[in-house]
Amino acid sequence: MDCNNFFVSCERTVRPDLEKKPVLVLSNNDGCVIARSNEVKALGIKMGQPFFQIKELVKRHGIHCFSSNFILYEDISHRVMQLLEQFAPNPEIYSVDEAFLHLPDDTSRLRQIGIDIVKTIDQQVGVPVSVGIAPTKTLAKAAADIAKKDARYHGVACVDTPEKIATLQSMLPIGDVWGIGRRYAKFLISNGILTAKDFVDKPQQWVRRHMSVMGEKTWRELQGEPCFEYNRSPEKRQQIMVSRSFASVITTFEALREPVALFAASAAHKLRQQGMVAAQIEVFLSNGRFPADNAAKVWQSTIVSFATPVSNTTEITNAALLGLKSIVSKSVKYKQAGVVLRSLSHQEGIQADLFDTIDHDKHQKISAVMDRINQSYGRNYLRLAIQATESPSRQEMLSSKQPTRPDERNKKKH
DNA sequence: TCTGGGGTCCTAGGACCC
DNA sequence: TCTGGGGTCCTAGGACCC
């Protein structure tokens, strides 16, 4: 199950008047396009296209633009995923707008289940979705893609016989295959492989040699042999990153502290939600992907380790600021910063360091209390004084004042 | 003037062990 | 002149995903 133009569809649930109108959603810092309505796709605007390049088009066609509002998208995502439970237990939530479901073997009912999924989510959440049904994840993804693009499918494509698999293979451009990215697509096309069918016609050894085990699995999946497991309860995260580009350059340690403290607090909060602790934090700074004045690219980073793994905001923020101080240098025009929590483990069963003198328990309790208060009164209602109060990024086109308090969100919903 | 922010897995090579 | 053969763990970098 794949939501169509997900972020755009989310904005439209709040603004039903934008149905059939051109709508797009921008990345953080209002940098590039990350979601497009069908009307915007028809105008030739590409995924990931820088916003400044299309300002003329936006004006000319009256395109409605939104800064991304992930609180809204996650809220709607959660409701969609909950509805899926009625159709198959334990859907695998693959991303904010996609899930895999393990359907019953009874092939006569498959298509009807797909139709019911599309109808239910449309009626109860107001988001259009596509469903692809097939024996492997790779084929199901391709089927959902076709169901999305061709209105004759009414949102559901079922690829459940060898003949249908063969047809799908020959229709599918190699670059559209799940697992074949830009690099491999270029390589394969230069070898005369244009469709999924051309690809599966290659010997397995050749695929293994040039594309390693992942490519080989894709090759087998395209032929109906499942290689990517249905993962009911995905393992816990291996890292948690929070990073942002700045609306304008920052050049001093003093000015960098606030956003970095904000990132650290946000990462620590995500960590606690997962019930995990981190043994390391990485801090990084950069002057962006496109440095001003032809300056050389700068990427500075450092790792700070904790004697005992932690999840509390105070210790994690302190470590982040310590790391920041050690890498920041004068005369760099910083455009981006971030923190990454690494070496994660489950909270229970952590080893205390023998020579550790910090009262972690106190800090953990403070963070737990802060989480409870912020749960009721809104994100960052209670925070460390060093922390920035606002995102350092540009967000000039938010659809509404972000709903921060759960009770406000509910009011809106009902 | 203006170009996102998260994640995953695999491989090769080096450090180190016995 | 001649210098083994196994491992494991970690990291960086490259590929991919949404």
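By convention in this document, chain letters (A, B, ...) are assigned in the order of the sequence lines, proteins followed by strands, and residues within each chain are numbered from 1. Computed over heavy atoms, backbone and side chain alike; hydrogens, waters and symmetry mates excluded.
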What nucleotide, of [options], holds the atom closest to the side chain of [X]?
| X | options | value |
| --- | --- | --- |
| R237(A) | dG7(B), dC18(C), dT3(B) | dG7(B) |
| D97(A) | dC9(B), dG5(B), dC18(C) | dC18(C) |
| M241(A) | dC18(C), dG7(B), dC2(B) | dG7(B) |
| P50(A) | dC2(B), dG6(B), dT3(B) | dT3(B) |
| V213(A) | dC9(B), dT11(B), dC2(B) | dT11(B) |

Would you mind classifying the nucleic acid contact of V177(A) as base, sugar-phosphate or nothing, using non-hydrogen atoms under 4.0 angstrom? sugar-phosphate
Assess the side chains of T313(A) and R272(A): does a donor N or O sit below 3.5 Å from an acceptor N or O? yes
Any side-chain donor-acceptor pair under 3.5 Å between S67(A) and D30(A)? yes
Measure the distance from [atom1] on [X] to [atom2] on [N] and round it to the nearest whole Å.
| X | N | atom1 | atom2 | answer |
| --- | --- | --- | --- | --- |
| Q336(A) | dG5(B) | CD | P | 6 Å |
| K59(A) | dC2(B) | NZ | C1' | 14 Å |
| I34(A) | dG6(B) | CD1 | C1' | 11 Å |

Any side-chain N or O of K335(A) under 4.0 Å from OP1/OP2 of dT3(B)? yes
Both S212(A) and S393(A) contact DNA chain B. Taking the nearest nucleotide for each, which residue is further toward the 5' end? S393(A)
Contact nearer the 5' end of DNA chain B, comparing V242(A) with F290(A): F290(A)
Would you call the rings of F246(A) and F263(A) parallel, tilted or perpendicular, where under 30° means parallel and over 60° means perpendicular? parallel
